[in-house]
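Lettering of chains follows the sequences in order, A, B, ..., and the numbering in each one begins at 1. As the structure is a prediction and not an experimental result, all values here were calculated from the model.
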Number of protein chains: 2
Amino acid sequence: MSQLKHVTIKTISEVTKLSLTTVSRVLNGSAKKYRISDDTQKVVLEAAKKLNYTPNQAAVSLRLSRSFSIGLVVPTLSNPFFADIASIVSHSLRTKGYSVVLMDCDENEATEVEAVKLLAAQNVEGVIVIPSGIDSSHINILIKRNIPVVCIDRYYEDIPVSYVATNHYTGAFSMTEYLIRAGHTKIVCIQGSHSVVANNLRVKGYKDAMAANKKAWVKVVGNSFTQDNGYIETRLLIQKKERPTAIFTLSDTIMLGALKALAEEKLAIPYDISLVTFDNSSYLDFLACPITSIAQPVNDIANISIKLLLDTIKANANGVKLDQMKLLISPSTVYRQSVRILK
Amino acid sequence: MSQLKHVTIKTISEVTKLSLTTVSRVLNGSAKKYRISDDTQKVVLEAAKKLNYTPNQAAVSLRLSRSFSIGLVVPTLSNPFFADIASIVSHSLRTKGYSVVLMDCDENEATEVEAVKLLAAQNVEGVIVIPSGIDSSHINILIKRNIPVVCIDRYYEDIPVSYVATNHYTGAFSMTEYLIRAGHTKIVCIQGSHSVVANNLRVKGYKDAMAANKKAWVKVVGNSFTQDNGYIETRLLIQKKERPTAIFTLSDTIMLGALKALAEEKLAIPYDISLVTFDNSSYLDFLACPITSIAQPVNDIANISIKLLLDTIKANANGVKLDQMKLLISPSTVYRQSVRILK
DNA sequence: TATTTTTGCACAAACGATGTCGCAATTGAA
DNA sequence: TTCAATTGCGACATCGTTTGTGCAAAAATA
């Protein structure tokens, strides 16, 4: 069971009869700075290749006190929105020389606290977090250790971290206005969870748009981002005498439930009732009636977060403290055929 | 700009007037082994707490030559199947003391090779990889470095790594038999990419089931796991004189395309045509007609992979080489209302 | 030829934590 | 009182890198 010994610069040094120093300098690219001759460089490089050398990152990290890694904290990757962000973050950061330590928190706040502590102990150089909950105290662990943080989709009043999010408010506002311009007056909003800031902003956008257009028929129902919620609320809505002319579901999950309820009652979209939603899942195009939806700017959010984090890290390294940034990215609306034009 | 100095065991040693050795022993739990008195322990622990000490992982790694981290290589998290696996892997491994380094390869083989190299350099203790491509040479980098590997969903003939996958063959076979038992004879299979092993196994399952039941009308069309592919092939199929009675799409993406084509031609499921698929996305329940589907055993696959990897790591540490395992997990079928019973 | 300058490389000290040895002081036995 | 055993802790080397400093030999200048 020949335990194959690790190849280190020492190995190479012995093989090439050159000092550790020289080998190190060639291998980490500072050869010209220290005037290592081309011949010597060639010798080292060849030996390294032949021995299949890779530097020991732990040693490098220790010496340089840099980890070359960044933490990514997400509520759960089962949510496509978070998964898409994770996807972009992961391979974008890799091209910039960082590896990504993933922490899936299973939508559990306590788990998130643990995750953050672990990341702090690992000396990650920065953290992108999509918070699962309300509390912010764990983020302070990172702040105290001077680790740059960028939040996605949730804003903390009390701590100075940058954040970037969809502009839920304007998204919902403009979608509601679109319905109003199409002649709808009885527009119902089926919301998700009250404890989610994004939800409340969307609701506010809807309400403000209704108010701005002097619509009296303002109605918000529901309480969770689930298909069941959408199904139940829709069933209740359509069996009333005064049926809404349009339903605005605040997520695609809710929308699916609504769809099922409508199908059961043989109500056709958009003839019998109009339906719009938030999220723009890829399957919307392929439903019996393609559904008009607000699309979260996933790419922008991910890329801006990365840039923000990297800038903060760089500034930090130079002793500069960057101002907190609060970025709201406007979502786009994807118009399909689920809204009936009433006027 | 008071650069707050890192708190190390040295700091604690100075504060407590105890030696580095003693502090270290208390802090890493080997106090009783070295007979450190309770008083001393208390002193150290309190100092550590007050100073908010966390061990430097790089130093620990270097010293112990362990990284406490495991690599996870996925084609892309935009695919919910991979995202779900990543989700489970991430928080399950965390509870076992490992952190997960995520490598999203954007479905690009070259990127995957780079990702694997990076993981090797980081001395991860093991790697779970869902390969993007056919080639296996990069996996050898890990093998050579004695890093345990478990593959998901793809089997390499030429290298001794364990793998676990859905039993695509039996899944497709039994679904096809179900259609046959329901009286269907003209069953078309719309496949995904030929270069994906999973696809070919599913196709084989379909063909074998048809052959086993002496059905002459065997027909496989299509060439990619996309909605467009499903749409185009379905349009072609339904305008022929001899229209199939059932369509078996090999992924939900393909299914969505088929659905669109059927809706455009006002063909109702299951009255005019039956439709079954592979993947079981959560929205299948909420389509106009809920679609019968094969569900990949995501949880089992993820958990078994983890167990396999951890076992291999443990065995490796003891100098034992575990046998390669090849596990095929049978998928389940979720029966909904998209199949018409013809007899 | 003598002196300065440049070229090419090596020594040694870190980074933070762990583990092997060893030594003093305390306790117990004789 | 004496010697052995036990208790409680510290000095030091080490893991694999990087880097400031130093010092020969070669080249350039005088």
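Looking at every heavy atom in both residues, A:Ser162 comes nearest to A:Met325 through OG-N, 2.9 Å.
Residue contacts shown for B:Leu27 are absent, as no nucleic acid heavy atom lies under 4.0 Å away.
Comparing atom distances between the A:Ser24 side chain and each of C:dC15, D:dT19, C:dA17 picks out D:dT19 as nearest.
Residues A:Asn28 and A:Ser30 bring a donor and an acceptor atom of their side chains to less than 3.5 Å of each other. A:Ser24 and A:Thr21 share no donor-acceptor pair across their side chains, judged by distance under 3.5 Å alone. Side-chain contact, A:Gln122 with B:Ser99: a donor N or O sits under 3.5 Å from an acceptor N or O.
Taking the six-membered ring for Trp and thresholds of 30 and 60 degrees, B:Tyr156 and B:His138 have ring planes more than 60 degrees apart, a perpendicular arrangement.
Distance CD1 (B:Ile12) to P (C:dA17): 8 Å, rounded to an integer number of Å. Regarding A:Leu62, its CG atom lies at a distance of 9 Å from the P atom of C:dC15, rounded to whole Å. Atoms CG (A:Asn56) and P (C:dG16) sit 16 Å apart, rounded to a whole Å. As rounded to whole Å, 6 Å separates atom C1' of C:dG16 from atom CD1 of B:Ile9. Rounded to whole Å, atom P of D:dT17 lies 10 Å from atom CD of A:Gln57. D:dG20 atom P lies 11 Å from atom CG of A:Leu64, rounded to whole Å.
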Identify the pairs formed between an N or O of the protein and an N or O of nucleotides 4-11 of chain D at a distance under 3.5 Å, and give each distance.
from, atom 1, to, atom 2, distance (Å)
D:dG8, N7, B:Arg35, NE, 3.4
D:dG8, N7, B:Arg35, NH2, 3.0
D:dC9, OP1, B:Ser37, OG, 3.4
D:dC9, OP1, B:Thr40, OG1, 2.4
D:dC9, OP2, B:Ser37, N, 2.7
D:dC9, OP2, B:Ser37, OG, 3.3
D:dC9, OP2, B:Thr40, OG1, 3.2
D:dG10, OP1, B:Ser19, N, 3.4
D:dG10, OP2, B:Ser19, N, 2.9
D:dG10, OP2, B:Ser19, OG, 2.9
D:dG10, OP2, B:Thr22, OG1, 2.4
D:dG10, O6, B:Arg25, NH1, 2.9
D:dG10, O6, B:Arg25, NH2, 3.1
D:dA11, N7, B:Thr21, OG1, 3.3
D:dA11, N6, B:Thr21, OG1, 3.0

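Between A:Asn146 and A:Lys321, some side-chain heavy-atom pair lies under the 4.5 Å cut-off.
Mapping B:Lys33 and B:Pro55 onto DNA chain C by nearest heavy atom places B:Pro55 closer to the 5' end of the strand.
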